Number of protein chains: 2
Amino acid sequence: MSDLLERLRGRGWRLTSQRRVVAEVLDGDHVHLTADEVHARAVARLPEISRATVYNTLGELVGLGEVLEVATDGRAKRYDPNAHRAHQHLVCSGCGAIRDVHPHGDPLAALPADERFGFTVTAAEITYRGLCPDCTGQA
Amino acid sequence: MSDLLERLRGRGWRLTSQRRVVAEVLDGDHVHLTADEVHARAVARLPEISRATVYNTLGELVGLGEVLEVATDGRAKRYDPNAHRAHQHLVCSGCGAIRDVHPHGDPLAALPADERFGFTVTAAEITYRGLCPDCTGQA
DNA sequence: ATCCTAACTTGGACTTTGTCCAAGTCAATA
DNA sequence: TATTGACTTGGACAAAGTCCAAGTTAGGAT
């Protein structure tokens with residue numbers, strides 16, 4: 001993730017301790033935290049960081065294309081640092097767990113021209129739903 | 001939509017004027033209203049209907065499988081009465097317009113077993129994004 | 001036809017998630 | 001190390017939705 005910070009500094013970002021902490025919190029695979037979760041973890045490292053700054057920083061990272069915003073339910077948005085490899089999401093209907101997944105083929109290809117209604121279609125987001133191993137038993 | 005009301009009555013629904021109005025508002029193709037929009041249109045027909053009842057009724061219709069809840073952005077959920085024919089959604093990034101679309105092939109088939117992480121996968125929701133004809137020119 | 005009652009509706013308070021702003025602080029350049 | 005514009009802060013505000021006690025009513029029972 002420190003390469004991320006370097007990259008952002010190259011883009012004129014001022015490197016504050018708050019931004020560093022947010023970037024650190026988002027580091028890793030299969031990370032899909034809500035803004036509040038990011039804030040909670042950031043506070044653990046930098047107690048005085050404010051909610052507003054976390055929202056600002058997340059918004060900037062999304063705008064810069066470094067983090068994806070994922071809305072898998074009607075609740076809080078989640079932030080996914082895995083923005084540089086195309087992927088989709090698999091969500092557990094029981095506990096809400098999320099995994100990054102890689103379906104094969106181009107999802108856009110499945111939408112025929114006569115179903116595009118004149119739109120210029122540029123992306124397809126897929127949410128696969130099911131029960132994770134832990135939740136399959138219970139229910 | 002009156003067949004819907006009959007069906008629900010068969011399931012023990014009490015047929016109130018409020019529920020009838022909500023069902024009427026949701027009638028049609030390519031309908032993707034937010035709860036507030038449903039409320040506004042319901043009020044036009046039945047001025048004293050409350051927001052709480054609209055939320056209750058929408059929640060019941062979703063629970064009964066008669067209406068789909070669609071969250072295409074991080075904003076308000078939308079309610080789609082076209083629950084009985086499988087379809088996906090095409091959303092305009094400019095103005096938010098939504099169309100029902102029917103990609104071919106089974107979206108689930110594109111997710112290989114080794115990308116399922118032990119989940120029992122039951123559904124795939126696809127959101128295609130792009131610009132509608134009206135928004136393609138501007139931007 | 002009318003009565004009864006569980007089911008439904010209501011309005012308002014409350015929660016969650018997120019945005020906005022004026023005032024204070026600080027990273028980075030000179 | 002002084003300066004300054006970018007950044008951060010906390011609190012007020014807004015949008016979307018939930019919850020609840022009290023009042024109303026659809027529809028079966030009489």
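None of the values given here were measured: they were computed from a predicted structure. Just the heavy atoms: all of them, side chains too, but no hydrogens, waters or symmetry mates, feed the values below. By convention in this document, chain letters (A, B, ...) are assigned in the order of the sequence lines, proteins followed by strands, and residues within each chain are numbered from 1.
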Hydrophobic clusters here meaning ILVMFWY residues chained together by side-chain heavy-atom distances under 4.5 Å, can you tell me if V21(B) and L61(B) are in one? yes

Hydrophobic cluster identity match, I49(B) and Y79(B), side-chain contacts under 4.5 Å: yes

Per-nucleotide protein contact string for nucleotides 25-30 of chain C (B base, S sugar-phosphate only, - none; heavy atom under 4.0 Å): -BBS--

Sugar-phosphate, base or nothing in reach of A76(B), heavy atoms under 4.0 Å: sugar-phosphate

In terms of relative ring orientation, are H32(B) and H30(B) parallel, tilted or perpendicular, with 30° and 60° separating the classes? tilted

For the pair made of CG in D36(A) and C1' in dT15(C), what is the distance, rounded to whole Å? 12 Å

Between R78(B) and E69(B), is there a side-chain N and carboxylate O pair less than 4.0 Å apart? no

Separation of dT19(C) P from Y55(A) OH (nearest whole Å): 7 Å

F119(A) with V91(B), same ILVMFWY side-chain cluster at under 4.5 Å: no

What is the distance, to the nearest angstrom, from the CG atom on N56(B) to the P atom on dG12(C)? 17 Å

Check: H104(A)/E115(B) side-chain N/O donor and acceptor closer than 3.5 Å: no

Could you check how far CG of L58(B) sits from P of dT9(C), rounded to whole Å? 12 Å

How would you label the contact of R51(A) with the nucleic acid (heavy atoms, under 4.0 Å): base, sugar-phosphate, or nothing? base

Before we go on, tell me: are the rings of H87(B) and H89(B) under 6.0 Å apart, centre to centre? yes

Can you tell me if CZ on R129(B) sees more than 12 non-hydrogen neighbours from other groups inside 6.0 Å? yes

Checking all strands, does R19(B) fall into the base, sugar-phosphate, or nothing category for heavy-atom contacts under 4.0 angstrom? sugar-phosphate

Contacted region of DNA chain D by chain B, from 5' end to 3' end of the hits, cut-off under 4.0 Å to heavy atoms, spans dA15(D) to dG27(D)

